[in-house]
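Notes follow the structure.
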There are 4 protein chains.
Amino acid sequence: MLVVMQTGASPEQIAHVIEAIRSLNLTPHPLPGAMRTAIGITGNTGAVDARSLEVIDGVKECIRVTKPFKLASREMHPADTTIPLGMTTIGPGNFTMIAGPCSVENEAMIQQTAEFLMENGVKMLRAGAYKPRTSPYSYQGMGREGLEIFKRVRKRTGIGIVTELMDTENADAVEDATDIIQIGTRNMQNFALLKRVGQARKPVLLKRGMSATLEEWLMSAEYVMAGGNYQVILCERGVRTFSDHSRNTLDLSVIPPCQSLTHLPILVDPSHGTGKRAYVPAMALASLAAGADGLLLEIHPHPDKAMSDGAQSLDFAGFKKLLDSLRKLAVPLGKKMN
Amino acid sequence: MLVVMQTGASPEQIAHVIEAIRSLNLTPHPLPGAMRTAIGITGNTGAVDARSLEVIDGVKECIRVTKPFKLASREMHPADTTIPLGMTTIGPGNFTMIAGPCSVENEAMIQQTAEFLMENGVKMLRAGAYKPRTSPYSYQGMGREGLEIFKRVRKRTGIGIVTELMDTENADAVEDATDIIQIGTRNMQNFALLKRVGQARKPVLLKRGMSATLEEWLMSAEYVMAGGNYQVILCERGVRTFSDHSRNTLDLSVIPPCQSLTHLPILVDPSHGTGKRAYVPAMALASLAAGADGLLLEIHPHPDKAMSDGAQSLDFAGFKKLLDSLRKLAVPLGKKMN
Amino acid sequence: MLVVMQTGASPEQIAHVIEAIRSLNLTPHPLPGAMRTAIGITGNTGAVDARSLEVIDGVKECIRVTKPFKLASREMHPADTTIPLGMTTIGPGNFTMIAGPCSVENEAMIQQTAEFLMENGVKMLRAGAYKPRTSPYSYQGMGREGLEIFKRVRKRTGIGIVTELMDTENADAVEDATDIIQIGTRNMQNFALLKRVGQARKPVLLKRGMSATLEEWLMSAEYVMAGGNYQVILCERGVRTFSDHSRNTLDLSVIPPCQSLTHLPILVDPSHGTGKRAYVPAMALASLAAGADGLLLEIHPHPDKAMSDGAQSLDFAGFKKLLDSLRKLAVPLGKKMN
Amino acid sequence: MLVVMQTGASPEQIAHVIEAIRSLNLTPHPLPGAMRTAIGITGNTGAVDARSLEVIDGVKECIRVTKPFKLASREMHPADTTIPLGMTTIGPGNFTMIAGPCSVENEAMIQQTAEFLMENGVKMLRAGAYKPRTSPYSYQGMGREGLEIFKRVRKRTGIGIVTELMDTENADAVEDATDIIQIGTRNMQNFALLKRVGQARKPVLLKRGMSATLEEWLMSAEYVMAGGNYQVILCERGVRTFSDHSRNTLDLSVIPPCQSLTHLPILVDPSHGTGKRAYVPAMALASLAAGADGLLLEIHPHPDKAMSDGAQSLDFAGFKKLLDSLRKLAVPLGKKMN
């Protein structure tokens, strides 16, 4: 950390700051300059609130230089993380497809979707049994019954399941029914939930919060990892900006800095990211080209009759066409679709 | 809702949309124009996803005209809501102060703060026993022990308590220990938690999410109210924008439209909104002038030694000075400080 | 346009709004509903300010349904626009590269860059003679001398030139020296400048404003086209959001809705969009995959010694490597690099 | 400036950075830490692009500690700037009202408005002769004829005039006709225009750009001041965020940090900031309480018939009522309305 003194700060003020730093068991390094003095700080500054030094008389500002995440940090763990799943693997060299309806509506449609996916080489199905809805009057999902459907379809088809966990009450049940536990965008900083899935033995897919910085997102991953669960998959799904041409602003530009800061894999959800079926294929292809490790996509046998988010779901024909385009694009990028 | 057809949409396409509207048990009203046809929809459109009509061939866009909240809506309930508390009341004509440290650190400092507040005519104390921290390595609060401190201080001084509930596990314990249950900004769309406090018998202070629209915020209030708890207090605490001159962008401009759309009271938290002690008084005065129903403020006996957020906390002398300024300002505004 | 009345609006209030609509020479279509009345409006509503109806007693809100741009609109002109340049063409089927240094620093480096580009099949060079700099104390560009360099290098090498015009004073000189006139992000709504280049006979590359909606951007294109110059090329270069992992947030998600609303070509500038050299290649590949018509890229013979924006410039070796990756990716996408 | 090296950066890499700093005529101060080395830099770093050091091998990031504005900086000029106008003064202790219609529509309405203002103790009238309109098909203002109206009304009534300058062509004419030259939000970084008004002899009212940081805004003020015109008045008018409850998000929270960083006065425009008449009074009162030096307000004799922005204009009765409220509020704040 670096403390920058105001122009004209007195020697007494500087001495007071140096003392305050020492009282935190840190080492101050005064740097007198032409205009002002700065004081470098070394030691374990992770737990220090920069603003607590900023309010001392004569201090202009404090600047933090060390990132506060450790387990998620590539600096600490240079090698890419690989997430082994039953029939497939998320990680370097692969581009993993996860597709399915927004909500599980009945067993037939999940079975039908699972069969369709397996026939087309997609090994992971996503669907929500618990749905986070802005309105209390909107459809809230099938709940436990949906989880039972997942178990039966998984048993019959072998497909892997990704579903969202919204509260600690259902953590055991969801962990039991799925291969990957999804934490939704609205819960990215639901710390009780993050701590709970830190104790789960299934990988966690952590969606980025609607206005989360990359650092905050990685700190939420750190919460899960600090609990002992190192199998975290990040998922960009659009952020909130002034821009009104799509439901959210899909932030593909987060992929390169994310891969530079962390060893965790990153997927993209272009369905929520755009909110419109017609925009999904272009963003799916762009995600692959940008270096993502896979996609989380909404598809539905009959999108116009979907109970939620039909407008952003591809139908089966549209999805097959997109799969074909992705496979062609993966070749020059040296990625293997799975 | 209004469906706008594309220029040159065929009569068959229009007929198809009309049929789709009827199949949702709604009434279509075609409006042929010079350039294009629009179709008005009447009936209960609350549960209809506009985007599901938008993907029908020939449709350009769908526009929703009815707001989806009901219990929180001023249109439904014109009179302002009043929140009776033990020693004070939040609501029309009043400007209610709630102040205290970010975290409960020990019993002495809560007792000291409560005595100071009561002596100065402030009847509500805020402090966190459970703290939502971005980093898993930061101080997470005293937990149950903090709640016991609240009970003892309340008994001794008579002061009312506001504290944050972060998870359903601790709901009973927090409800028991406080006069107002706070839901933090990161949990504004933690729907399991909102449903839980909908069953509580204590008022709920609902902080605005970091990037929540006014409608989403009121929908979250609606979740609490739909559970049967109509005592909801809104609290603006800054939103996330490109702007970097303060910790968040305190959105005082939300107050007039909020008061136009809902009958619920609205407080402002200028401590989190600005993140810097020096900016708090100006924003506190501006909140009063803008029509807010009160303030949620961080104060600390020794801000420089606070375990969290000391940099945005006022000390006792600074708070007394601010109280004095607020009291003078309340007179011409016809508000009573309490 | 649609006027939505408040619940309980009186027949007199409704009649007053109907009259107000008629006085604007428009046709009102009342739509009585269960909860409230809405009034559809047909006629030329382009010039009407929705908010002027919104302030009439009993009106809840006004909703505009027709987009206000015409010449830029794909609805009016379904076929894609093609921009013929001396040696190449921007438009459907092509992916056009435009590369060069941020600023022209001297003749040798522009000559060297032009030769390098031509050798590698790139026919358009970008460089700034006039530089928009946040600080008045930063390097402001070579000005007229830079324009003379462009003319000589163009004559010697045949390469096309793209350079920014910052004011009307230099419009003739810049038009004379370049093949495409660039309007920078800070001038996207400099209407005097837009009107001026509407009279130019060279194509205009219009960068998106830092917080411009898609509609505002297209309205700025409409300004140029309304002046008679139909050769407008759009260029996405990153928008301003809360996100701090890159200099700007490159909004690739604007490409599909942009191509749906307008027939004008769209390029992407990943150099300004990311602000960091290491992130440029991934975003360049993603732009191609997302359907853009080309790239505007910063390259420099010696980025570490560049007078401006060296940190986001690729060196020649890096650019050749990227060109190679783009060429391979263009094949499955059915695009021709030029 | 501070250069932070990566963990494990080699002594050679550190030496290379030290050399690079010296080659910029700056002084490096290496700070070896437990985890990594940082290198403080002293000397005139104003002109150095931090990113140029950031791309050197082994460097993690560069952090700038000195603000790049000088003439606008309170550190350099601690005393508040006062702007003397003919009949009034903007500056410490005063709260200056500037009101009038969005556009000058005819001489009668400007005369009527000026008389009304003077009768009510308001000495400055605002109105646009040149209007920046998003659409080329919207009313663009009366132009030169409007300027002549200003001169005649000023002569007859003595009122001061504020009007917008949109291009350098009309700079002399606008300067001649007004007492304060307004630079609009879309032109905050129109550097050619800023340089031109730097040579004017009238004060400049500089509106904040729609997504301008405080630092960028002050840098634009610095452009004007660097040209020799030190009479700059800042004006907050709402920024662009995700928030959709008002036309823009009025950022009152910029006032305290602005007053801490600069000695220039700051006004607020709650008309553009909110876009709705009903929200203007609350935001006007809040601006006064927040410490602003005055208001720029839209009023119109007949807002429902205004040619532009009628929906955000107060009528005369509404304005008188607001003036009365402001006068009462100014007393406890120790401000004098003028």
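Every chain is numbered from 1, with letters handed out A, B, ... down the list of sequences.
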For chain B, which candidate among P136(A), G209(A), A311(A) shows the most heavy-atom pairs at distances under 4.5 Å?
P136(A)

Assess the residue pair D57(B) and H16(B) against the criterion (side-chain contact (heavy atoms from CB on, under 4.5 Å)); give the C-alpha distance rounded to whole Å, side-chain angles, the decisive distance to 0.1 Å, and a yes or no.
CA-CA 9 Å; D57(B) 276 354; H16(B) 183 215; 5.7 Å; no

Between E216(A) and L214(A) (side chain of the first, backbone of the second, donor and acceptor by atom type, cut-off under 3.5 Å), is there such a pair?
no

Could you walk me through whether Q189(A) and F191(A) pass the side-chain contact (heavy atoms from CB on, under 4.5 Å) test, one step at a time?
CA-CA 5 Å; Q189(A) 291 191 317; F191(A) 300 119; 3.7 Å; yes

If you count heavy-atom pairs under 4.5 Å between each of R277(A), M188(A), M166(A) and chain B, which one has the most?
R277(A)

Decide, yes or no, whether a salt bridge links D315(B) with K321(B) under the criterion of side-chain N to carboxylate O below 4.0 Å.
no

Whatever's closer than 4.5 Å to a heavy atom in chain A on S313(B) counts as neither

So CG of L194(A) and OG1 of T168(A): to nearest 0.5 Å the spacing works out to 11.5 Å

Are side-chain heavy atoms of H300(A) and M109(A) found at a separation under 4.5 Å?
yes

Which of T134(A), L53(A), L193(A), D167(A) touches chain B most, by non-hydrogen pairs under 4.5 Å
T134(A)

Do you know which of M210(B), K276(B), R247(B), K195(B) has the most heavy-atom pairs under 4.5 Å to chain A?
R247(B)

Contact class of A212(B) relative to chain A, heavy atoms under 4.5 angstrom
backbone

Can you list the steps and then say if Y279(A) with L250(A) is a side-chain contact (heavy atoms from CB on, under 4.5 Å)?
CA-CA 11 Å; Y279(A) 305 160; L250(A) 189 67; over 6 Å; no

For the atom pair CG (L314(A)) and OG (S271(A)), what is the distance rounded to the nearest 0.5 Å?
6.0 Å

For chain B, which residues from residues 237-244 of chain A lie under 4.5 Å away (heavy-atom distances)?
R240(A)

Spell out the residues in residues 219-227 of chain A that have some non-hydrogen atom less than 4.5 Å away from a non-hydrogen atom of chain B, in order of number; otherwise answer 'none'.
M219(A), E222(A), Y223(A), A226(A)

Measure the CE-CZ distance between M76(B) and F69(B) for me, rounded to the nearest 0.5 Å.
9.5 Å

Counting N and O atoms only, with roles assigned by atom type, does the side chain of K131(B) sit under 3.5 Å from a partner on the main chain of S138(B), one being a donor and the other an acceptor?
no

About how many Å separate CD of E236(B) and CE of M283(B), when rounded to the nearest 0.5 Å?
11.5 Å

Do the charged groups of R208(B) and D269(B) touch, with an N to O distance under 4.0 Å?
no

Which region of N187(B), side chain (C-beta onward) or backbone (N, CA, C, O), has a non-hydrogen atom less than 4.5 Å from a non-hydrogen atom of chain A, or is it both or neither?
side chain

Please flag which part of R133(A) lies under 4.5 Å from any non-hydrogen atom of chain B: side chain, backbone, both or neither.
both

For the atom pair CG (D172(B)) and CG (L165(B)), what is the distance rounded to the nearest 0.5 Å?
9.5 Å

Once rounded to the nearest 0.5 Å, what's the spacing between atom CD of Q6(A) and atom CD of Q13(A)?
7.0 Å

Max heavy-atom pair count under 4.5 Å with chain A, selected residue of A278(B), P303(B), S211(B):
S211(B)

